[in-house]
2 protein chains.
Amino acid sequence: MTAKDSYILERQAGHLLRRAHQRHSAIFQENIGDAQLTPLQFAVLVKLRDLKEVSQNHLGRLTAMDAATMQGVIKRLASRGLIERRPDPNDRRRLILSLSEKGSSLVEALVSNGSGITAQTLQPLSAAEQKTFLDLLAKLAQLNGHSE
Amino acid sequence: MTAKDSYILERQAGHLLRRAHQRHSAIFQENIGDAQLTPLQFAVLVKLRDLKEVSQNHLGRLTAMDAATMQGVIKRLASRGLIERRPDPNDRRRLILSLSEKGSSLVEALVSNGSGITAQTLQPLSAAEQKTFLDLLAKLAQLNGHSE
DNA sequence: AAATACTTGTTTGTGTACGAATAATCTAGG
DNA sequence: CCTAGATTATTCGTACACAAACAAGTATTT
(Lines give C-alpha, C1' and ligand atoms only; values in the text may rest on other atoms or scores of the structure.)
Protein backbone atom coordinates (compact mmCIF):
# COMPACT_ATOMS: atom_id res chain seq x y z
CA MET A 1 0.00 0.00 0.00
CA THR A 2 1.67 3.17 -1.21
CA ALA A 3 1.24 6.63 0.31
CA LYS A 4 -0.99 7.40 -2.62
CA ASP A 5 -3.49 4.79 -1.55
CA SER A 6 -3.72 6.06 2.00
CA TYR A 7 -5.84 9.11 1.21
CA ILE A 8 -8.57 8.55 -1.32
CA LEU A 9 -10.82 11.52 -1.83
CA GLU A 10 -13.89 9.40 -2.54
CA ARG A 11 -13.62 7.75 0.86
CA GLN A 12 -13.37 10.92 2.95
CA ALA A 13 -16.36 11.82 5.06
CA GLY A 14 -16.18 15.48 4.07
CA HIS A 15 -16.24 14.77 0.35
CA LEU A 16 -19.15 12.36 0.69
CA LEU A 17 -21.08 14.75 2.91
CA ARG A 18 -20.62 17.47 0.36
CA ARG A 19 -21.80 15.28 -2.50
CA ALA A 20 -24.79 13.98 -0.57
CA HIS A 21 -25.69 17.56 0.24
CA GLN A 22 -25.36 18.51 -3.41
CA ARG A 23 -27.68 15.71 -4.40
CA HIS A 24 -30.19 16.74 -1.78
CA SER A 25 -30.12 20.35 -2.96
CA ALA A 26 -30.87 19.27 -6.50
CA ILE A 27 -33.80 17.16 -5.30
CA PHE A 28 -35.04 20.08 -3.22
CA GLN A 29 -34.96 22.48 -6.09
CA GLU A 30 -36.86 20.13 -8.38
CA ASN A 31 -39.56 19.28 -5.88
CA ILE A 32 -40.20 22.11 -3.47
CA GLY A 33 -42.70 23.67 -5.84
CA ASP A 34 -41.48 27.27 -5.68
CA ALA A 35 -38.61 28.09 -8.00
CA GLN A 36 -37.34 30.98 -5.87
CA LEU A 37 -37.34 29.18 -2.54
CA THR A 38 -34.04 27.76 -1.27
CA PRO A 39 -33.47 25.12 1.43
CA LEU A 40 -32.41 27.74 3.96
CA GLN A 41 -35.35 29.99 3.21
CA PHE A 42 -37.69 27.03 3.59
CA ALA A 43 -36.08 26.10 6.92
CA VAL A 44 -36.71 29.64 8.17
CA LEU A 45 -40.35 29.57 7.11
CA VAL A 46 -40.93 26.20 8.78
CA LYS A 47 -39.35 27.32 12.04
CA LEU A 48 -41.41 30.49 12.01
CA ARG A 49 -44.54 28.45 11.46
CA ASP A 50 -43.69 26.43 14.59
CA LEU A 51 -42.67 29.35 16.79
CA LYS A 52 -44.82 32.22 15.52
CA GLU A 53 -42.33 34.85 16.75
CA VAL A 54 -38.56 34.78 17.26
CA SER A 55 -35.68 37.20 17.10
CA GLN A 56 -33.45 37.03 14.07
CA ASN A 57 -30.34 35.81 15.89
CA HIS A 58 -32.29 33.23 17.82
CA LEU A 59 -33.85 31.90 14.65
CA GLY A 60 -30.39 31.77 13.15
CA ARG A 61 -29.23 29.49 15.92
CA LEU A 62 -32.25 27.26 15.48
CA THR A 63 -31.62 26.89 11.76
CA ALA A 64 -27.81 26.74 12.08
CA MET A 65 -27.02 29.94 10.22
CA ASP A 66 -24.63 32.56 11.48
CA ALA A 67 -25.79 36.16 11.86
CA ALA A 68 -24.30 37.34 8.59
CA THR A 69 -25.93 34.58 6.54
CA MET A 70 -29.22 35.10 8.35
CA GLN A 71 -29.23 38.74 7.37
CA GLY A 72 -29.33 37.93 3.68
CA VAL A 73 -31.85 35.09 3.95
CA ILE A 74 -34.27 37.24 5.96
CA LYS A 75 -33.85 40.19 3.65
CA ARG A 76 -34.84 38.08 0.63
CA LEU A 77 -37.83 36.53 2.39
CA ALA A 78 -39.00 39.96 3.55
CA SER A 79 -38.63 41.43 0.08
CA ARG A 80 -40.96 38.70 -1.20
CA GLY A 81 -43.44 39.63 1.52
CA LEU A 82 -43.27 36.22 3.16
CA ILE A 83 -42.17 37.39 6.60
CA GLU A 84 -42.56 40.51 8.71
CA ARG A 85 -40.01 42.27 10.87
CA ARG A 86 -40.73 44.52 13.81
CA PRO A 87 -38.58 45.82 16.65
CA ASP A 88 -38.77 44.15 20.03
CA PRO A 89 -40.14 46.71 22.51
CA ASN A 90 -38.32 44.98 25.38
CA ASP A 91 -34.93 44.90 23.68
CA ARG A 92 -34.27 47.51 21.08
CA ARG A 93 -31.39 45.55 19.57
CA ARG A 94 -33.72 42.79 18.47
CA LEU A 95 -35.85 42.27 15.41
CA ILE A 96 -38.89 40.07 15.94
CA LEU A 97 -39.68 37.92 12.91
CA SER A 98 -43.00 36.33 12.00
CA LEU A 99 -44.75 34.88 8.97
CA SER A 100 -47.02 37.08 6.91
CA GLU A 101 -50.35 35.74 5.68
CA LYS A 102 -48.71 35.03 2.37
CA GLY A 103 -45.77 33.30 4.04
CA SER A 104 -48.03 31.25 6.26
CA SER A 105 -50.13 29.89 3.42
CA LEU A 106 -47.01 29.23 1.35
CA VAL A 107 -45.49 27.06 4.09
CA GLU A 108 -48.70 25.12 4.57
CA ALA A 109 -48.84 24.51 0.83
CA LEU A 110 -45.23 23.32 0.62
CA VAL A 111 -44.55 21.34 3.82
CA SER A 112 -45.70 18.09 2.32
CA ASN A 113 -43.27 18.63 -0.55
CA GLY A 114 -40.60 18.95 2.12
CA SER A 115 -41.39 15.50 3.44
CA GLY A 116 -41.28 14.10 -0.07
CA ILE A 117 -37.86 15.65 -0.61
CA THR A 118 -36.49 13.96 2.50
CA ALA A 119 -37.99 10.66 1.35
CA GLN A 120 -36.49 11.00 -2.10
CA THR A 121 -33.11 11.95 -0.68
CA LEU A 122 -33.07 8.78 1.39
CA GLN A 123 -34.61 6.61 -1.30
CA PRO A 124 -31.39 4.75 -2.22
CA LEU A 125 -31.55 3.20 1.27
CA SER A 126 -33.93 0.59 2.67
CA ALA A 127 -36.28 1.62 5.48
CA ALA A 128 -33.98 0.12 8.10
CA GLU A 129 -30.94 1.74 6.56
CA GLN A 130 -32.67 5.10 6.49
CA LYS A 131 -33.30 4.97 10.21
CA THR A 132 -29.73 3.89 10.94
CA PHE A 133 -28.36 6.58 8.69
CA LEU A 134 -30.39 9.40 10.24
CA ASP A 135 -29.41 8.30 13.75
CA LEU A 136 -25.71 8.26 12.91
CA LEU A 137 -25.91 11.48 10.93
CA ALA A 138 -27.59 13.24 13.85
CA LYS A 139 -24.64 12.29 16.03
CA LEU A 140 -22.25 13.84 13.52
CA ALA A 141 -24.29 17.01 13.17
CA GLN A 142 -23.88 18.18 16.76
CA LEU A 143 -22.05 21.43 16.16
CA ASN A 144 -20.89 21.84 19.72
CA GLY A 145 -23.61 20.90 22.08
CA HIS A 146 -25.58 24.11 21.83
CA SER A 147 -29.03 22.88 22.60
CA GLU A 148 -32.12 25.08 22.98
CA MET B 1 -50.22 14.34 15.86
CA THR B 2 -50.84 17.79 14.43
CA ALA B 3 -49.62 19.02 11.07
CA LYS B 4 -46.96 20.91 12.96
CA ASP B 5 -45.39 17.68 14.17
CA SER B 6 -45.22 16.12 10.75
CA TYR B 7 -42.29 18.17 9.51
CA ILE B 8 -39.57 18.74 12.04
CA LEU B 9 -36.55 20.53 10.67
CA GLU B 10 -34.10 18.70 12.92
CA ARG B 11 -35.16 15.36 11.47
CA GLN B 12 -34.79 16.24 7.82
CA ALA B 13 -31.91 14.64 5.96
CA GLY B 14 -31.00 17.90 4.24
CA HIS B 15 -30.73 19.87 7.44
CA LEU B 16 -28.63 17.19 9.13
CA LEU B 17 -26.38 16.85 6.08
CA ARG B 18 -25.84 20.58 6.09
CA ARG B 19 -24.98 20.64 9.79
CA ALA B 20 -22.67 17.66 9.56
CA HIS B 21 -20.94 19.34 6.66
CA GLN B 22 -20.61 22.55 8.66
CA ARG B 23 -19.04 20.64 11.52
CA HIS B 24 -16.64 18.93 9.15
CA SER B 25 -15.61 22.24 7.61
CA ALA B 26 -14.83 23.65 11.03
CA ILE B 27 -12.70 20.61 11.88
CA PHE B 28 -10.95 20.91 8.53
CA GLN B 29 -10.09 24.53 9.02
CA GLU B 30 -8.65 23.91 12.48
CA ASN B 31 -6.55 20.93 11.51
CA ILE B 32 -5.44 21.08 7.92
CA GLY B 33 -2.36 23.08 8.88
CA ASP B 34 -2.61 25.81 6.24
CA ALA B 35 -4.89 28.69 7.09
CA GLN B 36 -5.55 29.60 3.45
CA LEU B 37 -6.39 26.14 2.18
CA THR B 38 -10.07 25.21 1.83
CA PRO B 39 -11.59 21.72 1.56
CA LEU B 40 -12.15 22.11 -2.17
CA GLN B 41 -8.66 23.39 -2.79
CA PHE B 42 -7.25 20.47 -0.84
CA ALA B 43 -9.39 18.03 -2.85
CA VAL B 44 -7.97 19.48 -6.07
CA LEU B 45 -4.39 19.17 -4.83
CA VAL B 46 -4.92 15.56 -3.75
CA LYS B 47 -6.46 14.57 -7.07
CA LEU B 48 -3.64 16.24 -8.95
CA ARG B 49 -1.12 14.34 -6.85
CA ASP B 50 -2.82 11.09 -7.88
CA LEU B 51 -3.24 11.90 -11.56
CA LYS B 52 -0.27 14.18 -12.32
CA GLU B 53 -2.07 15.83 -15.25
CA VAL B 54 -5.76 16.47 -15.97
CA SER B 55 -7.83 19.01 -17.80
CA GLN B 56 -9.72 21.51 -15.71
CA ASN B 57 -13.22 20.30 -16.57
CA HIS B 58 -12.24 16.69 -16.04
CA LEU B 59 -10.78 17.49 -12.64
CA GLY B 60 -13.96 19.33 -11.85
CA ARG B 61 -15.98 16.20 -12.48
CA LEU B 62 -13.64 14.13 -10.34
CA THR B 63 -13.96 16.53 -7.41
CA ALA B 64 -17.68 17.24 -7.95
CA MET B 65 -17.38 20.91 -8.81
CA ASP B 66 -19.10 22.56 -11.72
CA ALA B 67 -17.08 24.48 -14.27
CA ALA B 68 -17.82 27.90 -12.82
CA THR B 69 -16.79 26.92 -9.30
CA MET B 70 -13.69 25.18 -10.64
CA GLN B 71 -12.62 28.34 -12.38
CA GLY B 72 -12.33 30.23 -9.09
CA VAL B 73 -10.73 27.41 -7.13
CA ILE B 74 -8.05 26.90 -9.78
CA LYS B 75 -7.39 30.61 -10.09
CA ARG B 76 -6.71 30.89 -6.36
CA LEU B 77 -4.44 27.84 -6.30
CA ALA B 78 -2.51 29.13 -9.30
CA SER B 79 -2.09 32.57 -7.77
CA ARG B 80 -0.48 30.90 -4.74
CA GLY B 81 1.85 29.06 -7.09
CA LEU B 82 0.60 25.63 -6.05
CA ILE B 83 -0.51 24.46 -9.49
CA GLU B 84 0.50 25.07 -13.08
CA ARG B 85 -1.68 25.52 -16.15
CA ARG B 86 -0.68 24.89 -19.73
CA PRO B 87 -2.66 24.47 -22.92
CA ASP B 88 -3.29 20.99 -24.29
CA PRO B 89 -1.53 20.73 -27.67
CA ASN B 90 -4.04 18.09 -28.80
CA ASP B 91 -7.14 20.08 -27.91
CA ARG B 92 -6.82 23.81 -27.84
CA ARG B 93 -9.93 24.26 -25.71
CA ARG B 94 -8.33 22.46 -22.81
CA LEU B 95 -6.11 23.60 -19.96
CA ILE B 96 -3.87 20.91 -18.52
CA LEU B 97 -3.38 21.25 -14.76
CA SER B 98 -0.54 19.86 -12.67
CA LEU B 99 1.07 20.41 -9.28
CA SER B 100 4.05 22.72 -8.99
CA GLU B 101 7.01 21.70 -6.83
CA LYS B 102 5.59 23.87 -4.09
CA GLY B 103 2.13 22.36 -4.47
CA SER B 104 3.52 18.85 -4.51
CA SER B 105 5.46 19.23 -1.27
CA LEU B 106 2.51 20.98 0.35
CA VAL B 107 0.18 18.05 -0.38
CA GLU B 108 2.69 15.54 0.92
CA ALA B 109 3.04 17.55 4.09
CA LEU B 110 -0.71 17.84 4.64
CA VAL B 111 -2.23 14.52 3.54
CA SER B 112 -1.83 12.96 6.96
CA ASN B 113 -3.74 15.90 8.42
CA GLY B 114 -6.49 15.05 5.96
CA SER B 115 -6.78 11.56 7.37
CA GLY B 116 -6.91 12.98 10.88
CA ILE B 117 -9.71 15.32 9.86
CA THR B 118 -11.80 12.44 8.56
CA ALA B 119 -11.12 10.53 11.78
CA GLN B 120 -12.12 13.46 13.93
CA THR B 121 -15.24 14.08 11.87
CA LEU B 122 -16.34 10.50 12.48
CA GLN B 123 -15.16 10.38 16.07
CA PRO B 124 -18.65 10.56 17.65
CA LEU B 125 -19.28 7.12 16.13
CA SER B 126 -17.85 3.74 17.10
CA ALA B 127 -15.63 1.96 14.59
CA ALA B 128 -18.50 -0.24 13.42
CA GLU B 129 -20.82 2.74 13.14
CA GLN B 130 -18.24 4.65 11.12
CA LYS B 131 -18.06 1.90 8.56
CA THR B 132 -21.84 1.61 8.34
CA PHE B 133 -22.21 5.36 8.06
CA LEU B 134 -19.67 5.74 5.26
CA ASP B 135 -21.27 2.89 3.31
CA LEU B 136 -24.74 4.40 3.55
CA LEU B 137 -23.47 7.92 2.88
CA ALA B 138 -21.72 6.74 -0.26
CA LYS B 139 -25.03 5.42 -1.56
CA LEU B 140 -26.63 8.81 -1.00
CA ALA B 141 -23.80 10.70 -2.64
CA GLN B 142 -24.27 9.19 -6.10
CA LEU B 143 -25.09 12.35 -8.03
CA ASN B 144 -26.41 10.54 -11.07
CA GLY B 145 -24.28 7.59 -11.90
CA HIS B 146 -21.47 9.44 -13.58
CA SER B 147 -18.64 7.10 -12.92
CA GLU B 148 -15.17 7.53 -14.40
C1' DA C 1 -16.51 20.63 -47.07
C1' DA C 2 -20.49 22.57 -44.51
C1' DA C 3 -23.87 22.61 -41.20
C1' DT C 4 -25.08 20.91 -36.75
C1' DA C 5 -24.11 19.49 -32.29
C1' DC C 6 -21.27 19.04 -28.40
C1' DT C 7 -17.27 20.31 -25.24
C1' DT C 8 -14.17 23.47 -22.75
C1' DG C 9 -13.34 27.33 -20.20
C1' DT C 10 -14.98 32.08 -18.87
C1' DT C 11 -18.12 35.54 -17.22
C1' DT C 12 -22.28 37.26 -14.88
C1' DG C 13 -25.67 37.11 -11.39
C1' DT C 14 -27.85 35.26 -7.21
C1' DG C 15 -27.51 32.77 -2.91
C1' DT C 16 -25.26 30.57 0.82
C1' DA C 17 -21.18 30.39 4.34
C1' DC C 18 -18.48 32.61 7.66
C1' DG C 19 -14.56 35.56 9.83
C1' DA C 20 -13.97 40.16 11.30
C1' DA C 21 -15.22 44.77 12.36
C1' DT C 22 -18.78 48.09 13.92
C1' DA C 23 -22.73 50.67 16.21
C1' DA C 24 -26.39 50.35 19.28
C1' DT C 25 -28.08 48.30 23.15
C1' DC C 26 -28.43 45.51 27.23
C1' DT C 27 -26.36 43.38 31.66
C1' DA C 28 -23.43 42.82 35.67
C1' DG C 29 -20.12 44.15 39.02
C1' DG C 30 -18.21 47.34 41.77
C1' DC D 1 -24.70 55.12 38.94
C1' DC D 2 -21.32 53.64 35.68
C1' DT D 3 -18.14 51.21 33.33
C1' DA D 4 -16.46 46.63 31.39
C1' DG D 5 -18.36 42.99 29.01
C1' DA D 6 -21.70 40.61 26.30
C1' DT D 7 -25.46 40.49 22.62
C1' DT D 8 -27.97 41.96 18.36
C1' DA D 9 -28.02 43.19 13.81
C1' DT D 10 -25.35 45.07 9.89
C1' DT D 11 -21.57 45.49 6.68
C1' DC D 12 -17.36 44.01 4.26
C1' DG D 13 -14.49 40.68 2.16
C1' DT D 14 -13.47 36.03 0.52
C1' DA D 15 -14.86 31.49 -1.03
C1' DC D 16 -17.99 28.11 -2.61
C1' DA D 17 -22.34 26.66 -5.55
C1' DC D 18 -24.66 26.69 -9.66
C1' DA D 19 -27.79 28.42 -13.66
C1' DA D 20 -27.31 30.79 -17.89
C1' DA D 21 -25.11 32.75 -21.70
C1' DC D 22 -20.95 32.97 -24.45
C1' DA D 23 -16.66 32.33 -27.57
C1' DA D 24 -13.66 29.15 -29.31
C1' DG D 25 -12.64 24.68 -30.58
C1' DT D 26 -13.71 19.76 -31.75
C1' DA D 27 -16.88 15.98 -33.55
C1' DT D 28 -20.44 14.28 -36.21
C1' DT D 29 -23.53 14.03 -39.96
C1' DT D 30 -24.84 14.42 -44.34
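These numbers come from the heavy atoms of this one structure, side chains and all, not from hydrogens, waters or symmetry mates. Just so it is clear, the model here is predicted, and its values are computed rather than measured. Lettering follows sequence order; numbering is per chain, from 1.
- Heavy-atom distances to DNA chain D give each of B:N90 and B:Q41 a nearest nucleotide, and the one nearer the 5′ end belongs to B:Q41.
- Residue A:T38 places at least one side-chain N or O closer than 4.0 Å to OP1 or OP2 of C:dT16.
- Judged by distance alone, with hydrogens and angles left aside, B:R93 brings no side-chain donor or acceptor close enough to the base of D:dT26 to form a pair under 3.5 Å.
- Within 4.0 Å (heavy atoms only), B:R18 reaches sugar-phosphate atoms of the nucleic acid but no base atom.
- Residue contacts shown for A:D91 are limited to sugar-phosphate atoms, with no base heavy atom under 4.0 Å away.
- In this pair, A:H21 and B:H21 present their aromatic rings parallel. The plane angle is below 30°, not in the 30 to 60° band.
- The shortest distance between the side-chain N/O atoms of B:Q71 and the OP1/OP2 oxygens of C:dG9 is not below 4.0 Å.
- Here A:Q56 lies in heavy-atom contact (under 4.0 Å) with sugar-phosphate atoms only.
- Regarding contacts with the backbone of C:dT8, a side-chain N or O of B:R61 is found under 4.0 angstrom from either OP1 or OP2.
- Map B:D66 and B:R92 each onto its nearest nucleotide of DNA chain D; the residue landing nearer the 5' end is B:D66.
- Nearest heavy-atom pair across A:R23 and B:Q142 is CD-O, 3.3 Å.
- Ring planes of B:F133 and A:F133: parallel class, angle under 30° (limits at 30 and 60°).
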